[in-house]
Amino acid sequence: MSLLSIAPDSVLARSGMADRHTRAWRFALINLVWSFWIIAVPLLNGMAPRDWLPATALSYAAFLWFYLRAYTTPARETWLYVPALAALGFLMAPLNWGGMVYIIYACVFAAFAFRSTRTGVLVMVLTVAAFMVETQWLGWSWPNTLSVTFWALAVGGMNLMYRAKGLAAAQLRLSHDEIRRLAASAERERIGRDLHDLLGHTLSLVALKSELAARLVERDAAAAGCEMREVERVARETLAEVRAAVSGLRAPKLMAELAAARLLLETAGIHVDNRIAATNLPEALDAALAMVLRESATNILRHAQATRVVIHLEQDAARVRLCIRDDGRGGIEREGNGLAGMRERLAALRGTLGIDAPAGGGTHLRAELPLQRGAHPIDAIPDGTRPRTDVIPDGAQRRAGIQQVLPQVPLDPRLRGDDEGSELVNAIPDDVLPGAGR
């Protein structure tokens with residue numbers, strides 16, 4: 001590995017900036033600024049350059065090598081450069097008081113070089129204690145010795161806290177990834193169960209009846225026609241079920257969006273006061289309020305500069321109201337596409353959107369919807385094939401609900417039992433009945 005290559009588990013990589021090579025090196029060079037004390041201390045004390053400059057130049061060249069390697073080397077090798085930097089400090093102390101800088105840098109890397117935090121603290125304490133013994137033997141004053149001790153332990157301690165914060169953030173990201181993976185796995189299993197319930201029995205029935213009709217067509221045309229009409233009825237019911245299932249998959253859920261909003265805002269340091277325990281809303285209303293909550297959380301994160309958000313849901317026999325209040329800067333001068341989209345979605349369900357945003361007084365958003373059957377759902381499918389929105393989305397229950405309401409639902413003209421060119425295969429998607437081509 002070359003000097004300029006950054007190991008995946010190096011200190012620079014773990015700082016979160018190694019994905020941008022230039023920025024990572026800028027970070028390392030900025031932290032190198034404090035090494036100017038190796039020259040500033042003897043100059044301020046009026047030491048003759050011939051007494052300290054040659055040795056300091058050689059030690060600084062070695063320091064640069066150790067410093068860059070400590071930043072870029074794999075984690076299992078970082079500890080090697082802690083005693084190397086400390087040794088430079090011990091060697092330079094008799095010639096140049098600025099050699100204390102090397103001790104401080106040794107404590108900096110001790111915070112990252114060991115798996116155990118206790119080991120890192122022990123190494124820092126032993127290094128500083130040994131340097132104190134040396135400085136007292138050299139006759140340094142106690143204020144100088146204590147100042148070196150303070151800065152070395154303070155900087156090392158800050159890096160230990162920085163490391164602990166990074167580990168906690170990494171564990172949080174892993175937890176979030178695991179939650180998303182488990183949620184996706186559960187959703188796939190649910191979809192698989194639903195598809196099995198929806199299509200497995202139905203397609204088997206269609207295949208059997210089609211085969212029976214093919215056998216009867218020459219011997220008993222009337223019976224064959226009856227079987228084909230039965231196939232048409234079953235296919236029509238299955239089509240309605242599939243559309244209901246797909247509509248349920250597309251629609252966002254309010255409680256799911258609430259969890260996502262809390263994660264988004266609290267990760268950014270914004271406290272979320274959730275006053276929604278559970279919801280039992282029609283699917284269309286639930287989806288509309290979920291989209292309002294999603295857009296509101298995004299706006300708060302981007303523009304509000306808030307520290308606290310209160311999310312509240314009020315519901316009575318006639319209306320449901322979602323209230324979102326933040327303590328940000330307020331002062332909305334004009335409504336952008338996000339707020340306009342909220343109004344359109346709510347208007348499609350005969351709802352209203354109210355916003356109070358005085359400058360400096362935060363923002364209070366109210367999304368209100370009527371609890372009535374006359375409201376049209378968002379992203380509605382064509383009127384002729386719209387499924388019920390109050391059907392329980394679970395396999396056999398969904399099928400039973402759709403079959404109960406199916407006779408009352410106006411059908412697509414292509415699915416009506418007219419004698420004028422009714423074509424079932426034109427109405428059923430190919431992915432539902434793979435064997436039916438146009």
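Numbers for residues simply follow the sequence, beginning at 1.
Rounded to the nearest 0.5 angstrom, Met161 CE and Thr117 OG1 are separated by 12.0 Å. Atom CH2 in Trp97 sits 11.5 Å away from atom CG in Leu44 (nearest 0.5 Å). Between the CG atom in Leu88 and the CZ atom in Phe66 there is a gap of 5.5 Å [rounded to 0.5 Å]. Here CZ of Arg69 is found 9.5 Å from OG1 of Thr78. Values are rounded to the nearest 0.5 Å. Summarising the geometry, atom CG belonging to Asp326 is positioned 9.5 Å from atom CG belonging to Leu365; distances are rounded to the nearest 0.5 Å. Taking CG from Leu322 and CG from Leu353, the interatomic distance works out to 10.0 Å, rounded to the nearest 0.5 Å.
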*asked:* The test is salt bridge (charged side-chain N to carboxylate O under 4.0 Å, His left out); show your working for Glu232 and Arg229 and say whether it passes.
replied: CA-CA 5 Å; Glu232 180 184 359; Arg229 284 191 293 273; over 6 Å; no

Next item on the list: Please step through side chain to side chain donor-acceptor pair (under 3.5 Å) for the pair Ser35 and Tyr67, ending with a clear verdict.
Entry: CA-CA 11 Å; Ser35 65; Tyr67 176 83; over 6 Å; no

| request: Decide side chain to side chain contact (heavy atoms under 4.5 Å, CB included) for Leu313 and Leu289; before the verdict, give the C-alpha distance in whole Å, the side-chain angles of both, and the deciding distance to 0.1 Å. | output: CA-CA 10 Å; Leu313 187 70; Leu289 295 180; 4.1 Å; yes

Exercise for review: Apply the test side chain to side chain contact (heavy atoms under 4.5 Å, CB included) to residues Ile300 and Leu264: give CA-CA distance (whole Å), side-chain angles for both, the deciding distance (0.1 Å), then the verdict.
Suggested key: CA-CA 10 Å; Ile300 292 171; Leu264 176 70; over 6 Å; no

Residues Asp327, Val310; criterion side chain to side chain contact (heavy atoms under 4.5 Å, CB included); working and verdict
CA-CA 9 Å; Asp327 61 353; Val310 178; over 6 Å; no

Would you please test Cys107 and Val155 for side chain to side chain contact (heavy atoms under 4.5 Å, CB included) and show each step? CA-CA 7 Å; Cys107 292; Val155 175; over 6 Å; no

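Contact detail for Ser59 and Tyr102: the closest heavy-atom pair is OG-OH, 3.0 Å. The two residues Met124 and Gly157 have their closest heavy-atom pair at SD-N, 4.4 Å. Nearest heavy atoms, Ala213 versus Ala224: O-CB, 3.6 Å. Between Ala357 and Thr363, the shortest heavy-atom distance links the atoms CB-OG1, 3.8 Å.
Ion pair Glu178/Arg181 flagged as a salt bridge, since at least one NZ, NE, NH1 or NH2 atom sits closer than 4.0 Å to an Asp/Glu carboxylate oxygen.
For the side chain to side chain contact (heavy atoms under 4.5 Å, CB included) criterion with Val292, the lone passing option out of Leu254, Leu346, Leu369 is Leu346. Under the side-chain hydrogen bond (donor to acceptor under 3.5 Å, both in side chains) rule, Glu314 has a single partner from Arg275, Arg319, Arg366, Arg321, which is Arg321.
Within a 6.0 Å radius of CZ in Arg325, no more than 12 heavy atoms belonging to other residues, nucleotides or ligands are found.
Annotation: side chain of Thr135 is not in contact with side chain of Val148 (no heavy-atom distance under 4.5 Å). You'll find the side chain of Val101 stays beyond 4.5 Å of the side chain of Met92, heavy atoms only. Looking only at side-chain heavy atoms (C-beta outward), Ile103 and Met132 stay at 4.5 Å or farther from each other.
Between Phe109 and Tyr105, the ring centre distance reaches or exceeds 6.0 Å.
Glu77 pairs by the side-chain hydrogen bond (donor to acceptor under 3.5 Å, both in side chains) definition with Thr73, not counting sequence neighbours. For Thr119, the side-chain contact (heavy atoms from CB on, under 4.5 Å) test picks out Phe114, Ser116, Val123, with sequence neighbours left out.
Contacts classified as salt bridge (Lys or Arg N to Asp or Glu O under 4.0 Å) and involving residues 296-311 (residues at least two apart or in different chains) are given here: Asp273-Arg308.
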